Chemist: 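Take this structure first; my questions come after.
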2 protein chains.
Amino acid sequence: MARAATTSDVFNAIAEPQRREILVLLRAGERPVTELAQELGMTQPGASKHLRVLREVGLVRDRRVGKQRLYGLDARGLRPVHEWAGGFERFWSESFDRLDAYVQDLKQTGKAE
Amino acid sequence: MARAATTSDVFNAIAEPQRREILVLLRAGERPVTELAQELGMTQPGASKHLRVLREVGLVRDRRVGKQRLYGLDARGLRPVHEWAGGFERFWSESFDRLDAYVQDLKQTGKAE
DNA sequence: CTATCGTATTCCGATATCGGCATGCGTCAA
DNA sequence: TTGACGCATGCCGATATCGGAATACGATAG
């Protein structure tokens, strides 16, 4: 076996920096492939591939307009990501006492031995 | 080139379902490796490897206690993820008019041709 | 029908990932 | 020191990813 978590998973789709950039760009509105590729400094096939992944996980929708194909954002799939990360909110906002004490302990342990 | 986004990136670290499970488990408190492996139904080396990735991106800290090594959560690294996804919140909560109209358009285009 | 533009797909090489297995290392007990 | 335990690391095979280049496909224009 290898690489258990394949595509078709939102978390995996946004693991790619360039795909995240595409999503950010699309917040400003629909764009054709070539324009996206140009603005992000990547080749057209490269952009098409990333867009395919994003489409397969449902983060992006495409619409044909003449010869062009406009890609638009469908951010609903990002909601689970937001909520999942939000489930850890109390661990970064409160109770740093325990964490700090813990870090101190780490330092001491490291020095002592 | 291949696989541009390596580890050492939080988004990549949480792209793995099992690593996400580890983080969730650690919300309940520190745990030794063997216990994590057992609760998640994976081998000990498997757990150690995932923990290593999580440690390298700073989502987890370890502490030696006798023969054991306790892993604890350090969720601060998840904050950027939460915020990034949050940047798309308005696209899934409001302005579904545009999206709906858009979906309708997709259907019509599909049927027409 | 043909040419052209915009985009998708395919083929390729390099690499990196994950899982399993065996083994190495550090710690504690006797 | 020796042995046992807990964990980390190394090596392997299978696979999947990304980037690049060439090419195939679809739509419009002429």
Side-chain angles (χ1 to χ4, degrees), chain A residues 1-22 25-26 30-57 60-72 106 109-110 112-113, chain B residues 1-22 25-26 30-57 60-72 106 109-110 112-113:
Chain A
M1 287 162 229
R3 192 132 267 239
T6 330
T7 301
S8 139
D9 172 271
V10 176
F11 282 89
N12 204 298
I14 64 171
E16 246 290 330
Q18 306 205 72
R19 286 197 285 261
R20 262 173 281 157
E21 291 185 52
I22 289 178
L25 256 183
L26 289 181
E30 297 176 320
R31 296 268 167 83
V33 176
T34 309
E35 198 174 317
L36 285 171
Q38 189 180 343
E39 296 191 48
L40 295 176
M42 47 185 171
T43 65
Q44 174 268 311
S48 280
K49 286 175 193 169
H50 284 310
L51 286 166
R52 180 189 174 119
V53 174
L54 292 172
R55 197 181 9 178
E56 285 176 342
V57 301
V60 142
R61 296 273 186 193
D62 63 302
R63 184 178 65 149
R64 282 197 163 83
V65 175
K67 292 194 272 195
Q68 294 190 133
R69 180 173 287 204
L70 295 183
Y71 277 89
L106 272 180
T109 307
E113 209 67 350
Chain B
M1 287 163 229
R3 191 133 268 238
T6 330
T7 300
S8 138
D9 171 272
V10 176
F11 282 90
N12 204 298
I14 64 171
E16 247 290 330
Q18 306 206 74
R19 286 197 285 260
R20 262 173 281 154
E21 292 186 51
I22 289 178
L25 256 183
L26 289 181
E30 297 176 320
R31 296 269 167 82
V33 176
T34 309
E35 197 173 318
L36 285 171
Q38 188 180 344
E39 297 192 46
L40 295 175
M42 47 185 171
T43 65
Q44 174 268 309
S48 279
K49 285 175 192 171
H50 284 310
L51 285 165
R52 180 189 173 119
V53 174
L54 292 172
R55 198 180 8 177
E56 284 176 342
V57 300
V60 142
R61 296 272 184 194
D62 65 303
R63 184 178 65 148
R64 281 197 164 84
V65 175
K67 289 194 274 194
Q68 294 190 134
R69 180 172 289 202
L70 295 183
Y71 278 90
L106 272 180
T109 308
E113 209 65 350

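Nothing here was measured: the structure is a model prediction, and the numbers come from that model. Heavy atoms only: backbone and side chains are in, while hydrogens, waters and symmetry mates are out. Throughout, a chain's letter reflects where its sequence line sits, starting with A, and its residues are numbered from 1.
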Chemist: Just how far, in rounded Å, is P of dG6(D) from CG of L36(B)?
Modeler: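 After rounding, the reported distance stands at 14 Å.
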Chemist: Encode nucleotides 3-9 of chain C as B, S and - characters from 5' to 3', where the letter depends on protein heavy atoms closer than 4.0 Å: B to the base, S only to sugar-phosphate, - to neither.
Modeler: --BSBBB
Chemist: On a heavy-atom basis, which atom in A47(A) and which in V33(A) lie closest, and how many Å separate them?
Modeler: CB-CG1, 4.1 Å
Chemist: Could I get the full list of salt bridge (Lys or Arg N to Asp or Glu O under 4.0 Å) partners for R69(A), not counting sequence neighbours?
Modeler: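 By the salt bridge (Lys or Arg N to Asp or Glu O under 4.0 Å) rule, R69(A) matches D62(A).
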Chemist: Can you measure E56(B) atom CD to dT17(C) atom C1' for me and round it to whole angstrom units?
Modeler: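 Going from E56(B) (CD) to dT17(C) (C1'), I get 13 Å.
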Chemist: Identify the residue among L25(A), I14(A), L54(A) that makes a side chain to side chain contact (heavy atoms under 4.5 Å, CB included) with R20(A).
Modeler: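 Among the candidates, only I14(A) passes.
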Chemist: In whole angstroms, how far is the C1' atom of dG20(C) from the CD atom of Q18(B)?
Modeler: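 Checked: the CD to C1' distance equals 13 Å.
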Chemist: Any salt bridge (charged side-chain N to carboxylate O under 4.0 Å, His left out) pairs touching residues 43-54 of chain B, not counting sequence neighbours?
Modeler: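 Sorted pair list: R52(B)-E56(B).
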Chemist: So, is H50(B) near the phosphate of dT17(C), with a side-chain N or O under 4.0 Å from OP1 or OP2?
Modeler: no
Chemist: Quick one: list whatever passes salt bridge (Lys or Arg N to Asp or Glu O under 4.0 Å) with E21(A), sequence neighbours left out.
Modeler: none
Chemist: Provide, to the nearest angstrom, the distance between the CZ atom belonging to R63(B) and the C1' atom belonging to dG26(C).
Modeler: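 Roughly 18 Å, once rounded to whole Å.
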Chemist: Show me the donor-acceptor pairs, under 3.5 Å and distance only, between side chains in residues 38-45 of chain B and residues at least two apart or in other chains.
Modeler:
unit_1, atom_1, unit_2, atom_2, d
E39(B), OE2, R31(B), NH1, 3.1
T43(B), OG1, G46(B), N, 3.1
Q44(B), NE2, S48(B), OG, 3.1

Chemist: Judged by each residue's nearest nucleotide on DNA chain C, which is more toward the 5′ side, G66(B) or T43(B)?
Modeler: T43(B)
